[in-house]
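The structure appears below as structure tokens.
All chains are named by letter (A, B, ...) in the order of the sequence lines, taking the proteins before the strands, and each is independently numbered beginning at 1. Only this structure's heavy atoms are used, side chains among them; waters, hydrogens and symmetry mates stay out.
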Protein chains: 2
Amino acid sequence: MGNEETVPLAHRVPDLGALELLLTVARVGSLSGAARRLGITQPAASSRIRAMETRLGVALVDRSPRGSTLTAEGALVTDWARRVVEAAEAFDAGAQALRGRRDSRLRVAASMTIAEYLLPGWLIALRGERPGTAVSLHAGNSADVAQRVLAHEADLGFVEGLTVPDGLDSAVIAQDRLVVAVAPTHPWARRSKGVEPAELAAAPLILRERGSGTRQVLDAALAGSGGLAQPLLELASTTAVKAAALSGAGPCVLSELALVEELAARRLVSVPVPGAALARALRAVWPTGTRPAGPARDLLSLTRR
Amino acid sequence: MGNEETVPLAHRVPDLGALELLLTVARVGSLSGAARRLGITQPAASSRIRAMETRLGVALVDRSPRGSTLTAEGALVTDWARRVVEAAEAFDAGAQALRGRRDSRLRVAASMTIAEYLLPGWLIALRGERPGTAVSLHAGNSADVAQRVLAHEADLGFVEGLTVPDGLDSAVIAQDRLVVAVAPTHPWARRSKGVEPAELAAAPLILRERGSGTRQVLDAALAGSGGLAQPLLELASTTAVKAAALSGAGPCVLSELALVEELAARRLVSVPVPGAALARALRAVWPTGTRPAGPARDLLSLTRR
DNA sequence: ATAAGGCCATAAACTGATGTTATGGGTAAC
DNA sequence: GTTACCCATAACATCAGTTTATGGCCTTAT
């Protein structure tokens, strides 16, 4: 992890406003049109795009009296920029919910994995369909979520795990799989048949700490095949686990949601474990007897379709 | 697509510098320590974090005379922030390569899909292992890449497709699968058996324009089962195709690399097509007879492990 | 105890990027 | 040729983020 940053990232990457402007120029087809849409003046847009071009050392748009279109390099840069902006939108959606205003019309409680990886996307979609829905969010473990829902401090809860807490009705909204992943240099990476549960149980693994939802499911899946998993490292955050596995320290076990990008780019390789039940349901929960209505129903239907 | 943004995204989300600072505080455990590491003064860090807290309306760090640790909400926000910063790092890695400086010691030519989704990650990894390697990048279609490599204008090329251009040696670095994806509301989303190739060939699909690598592979795979694919929409960019599919216009066909996030969040659902060969090799290429050496060899080995 | 060295907060002055208004020069369509 | 788009440049305003200069709090070593 040697980090010898001379100049911080923020000085080498255009800020979000500039990236958003670039995306808008790409969509609209002119600098002045993009400026209008963003509520700034045309010279401001012009100078900002120019500043970005000189900073990157690449021409991004072809200007003509009839409008501006992206250059080939500009198209590539715009695609990369889009990923930054989308991540920022997810941040914004989550952060707004976290503000937890009293007047929120939809109060949600969710487990960490769901709050981290899925909820921002749902909130963006919800904002698209029901603009004006104010959402507040509390994140915690399953017991915490259950308690909030039961106490009517949350209108809807989301939990991951094997069982549904008492007093709650639930609907399965997705299956989350736990994935055993290793660095591509690890011997297991070349085993197309994967590993047996017994071998997994005997191997030293990089894991989340005991008590986490991930750990529960893993221990349950291995209970019949040689007992509990052997921790090589027990780390407190998903990120720390990923970082350790990426550095080649050993196999890690995490939700596939946390590993999507690493697996797609082959920075980590997933190892099949035939015969082990590493799936867990992601559930929406609400108090028994009631039915989610209003905004809660909107969000629930979003997550299920 | 209704976008009624009152205030632009950039005013609601902390800028990259603030997010980077938050990540550093989380890692280091103190405001002043993080400030030192980023080359700013302690009051600057303090005020920036405070500004972020008031903007979000949430306390992010617990300050104490012995240091600062994240609050529960702060940890969640930090995770979201990390995704933004990682996207920005990918942007930076790609943009630096695009600059195409003359003194670049490694000149790469790559097809669009690879340049867009995989190369930034490789460049980050390369910078980690061989700091100081200056990379220049040209993106284009397969023929363009081949020509550059043959003319020794690029030290290493990356292409996707069914065949290897003449005069080049190659190594398969990964298999890319084309994925048929639909919105969760689409009838195909519930078909666990998927669709037959003949049915796929007969259905109106959202596709990239004729001539794209994606389209080539799809047509080849369907050649034996009812002829070419039927385009419902022919769009010029991956993003446009995704957007159309997300809105429920119909099934789309794209590289799984482009769909990773949508599939993970279940915004789109992949439809299996048993019996259709929708895989394509991603290959590194270089002039026949030569062997990649130096920085080219470093990058090549990165991509393969 | 007292001194020393972490940590964080506040105040006031400085800087620069980003914005504005004002103006000018192009091309296309009627 | 007039109108209506487009983009560029110049001069000035504004505000967020910075630094320097302080001060207070807690822990640890003398």
Side-chain angles (χ1 to χ4, degrees), chain A residues 5-57 59-71 74 81 85 88, chain B residues 5-57 59-71 74 81 85 88:
Chain A
E5 306 275 341
T6 321
V7 62
L9 184 64
H11 291 174
R12 291 179 299 166
V13 178
D15 64 63
L16 287 169
L19 299 181
E20 203 181 3
L21 173 60
L22 180 61
L23 295 189
T24 309
V25 169
R27 221 186 35 197
V28 175
S30 85
L31 293 188
S32 44
R36 269 194 301 278
R37 196 160 304 224
L38 294 179
I40 61 177
T41 57
Q42 171 264 320
S46 180
S47 107
R48 224 169 173 188
I49 293 283
R50 178 167 299 285
M52 186 158 40
E53 284 177 320
T54 56
R55 180 184 315 204
L56 300 181
L60 298 175
V61 300
D62 269 334
R63 297 135 222 257
S64 90
R66 304 182 330 199
S68 295
T69 60
L70 294 178
T71 63
V85 170
Chain B
E5 306 276 343
T6 321
V7 62
L9 184 63
H11 291 172
R12 293 179 298 166
V13 178
D15 64 60
L16 287 169
L19 299 182
E20 202 180 5
L21 173 61
L22 179 62
L23 295 190
T24 309
V25 169
R27 220 186 36 195
V28 174
S30 85
L31 294 188
S32 44
R36 269 194 301 278
R37 195 160 304 225
L38 295 180
I40 61 177
T41 58
Q42 171 266 320
S46 179
S47 107
R48 224 168 174 189
I49 293 283
R50 177 167 299 284
M52 188 158 37
E53 284 177 319
T54 57
R55 178 182 318 204
L56 300 181
L60 298 175
V61 300
D62 271 332
R63 298 136 222 257
S64 90
R66 305 182 330 201
S68 296
T69 60
L70 294 178
T71 63
V85 170

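- Heavy atoms of Ser64(A) sit under 4.0 angstrom from primed sugar atoms or phosphate atoms, though from no base atom.
- Along DNA chain D, the nucleotide closest to Gly67(A) and the one closest to His11(A) are compared, and the more 5′ of them pairs with Gly67(A).
- Computed from coordinates, the Ile40(B) CD1 to dA16(D) C1' distance equals 13 Å when rounded to whole Å.
- A salt bridge links Arg63(A) to Glu53(A): at least one charged side-chain nitrogen sits closer than 4.0 Å to a carboxylate oxygen.
- Residues Arg36(B) and Pro43(B) both approach DNA chain C. Their nearest nucleotides, taken by heavy-atom distance, put Arg36(B) toward the 5′ side.
- Here the straight-line distance linking atom CG of Leu31(A) with atom OG of Ser46(A) works out to 6.0 Å at 0.5 Å rounding.
- Closest approach of Leu22(A) and Ala81(A) over heavy atoms only: CD2-CB, 4.5 Å.
- Asp62(B) comes within contact range of no nucleotide atom at all, as no heavy-atom separation falls under 4.0 Å.
- Among the protein residues, Ser32(A) comes within range of the sugar-phosphate backbone only, with heavy atoms under 4.0 Å from sugar or phosphate atoms but none that close to a base.
- The CG atom of Asp15(A) sits 12 Å away from the P atom of dA17(C) (whole-angstrom rounding).
- For the pair Leu31(A) and Gly39(B), nearest-nucleotide mapping onto DNA chain D gives the more 5' position to Leu31(A).
- Heavy atoms of Ser30(A) sit under 4.0 angstrom from primed sugar atoms or phosphate atoms, though from no base atom.
- Within the 4.0 Å cut-off from OP1 or OP2 of dT18(D), at least one side-chain nitrogen or oxygen of Arg48(B) is found.
- Note: Leu21(B) CG to Arg37(B) CZ = 12.5 Å, rounded to the nearest 0.5 Å.
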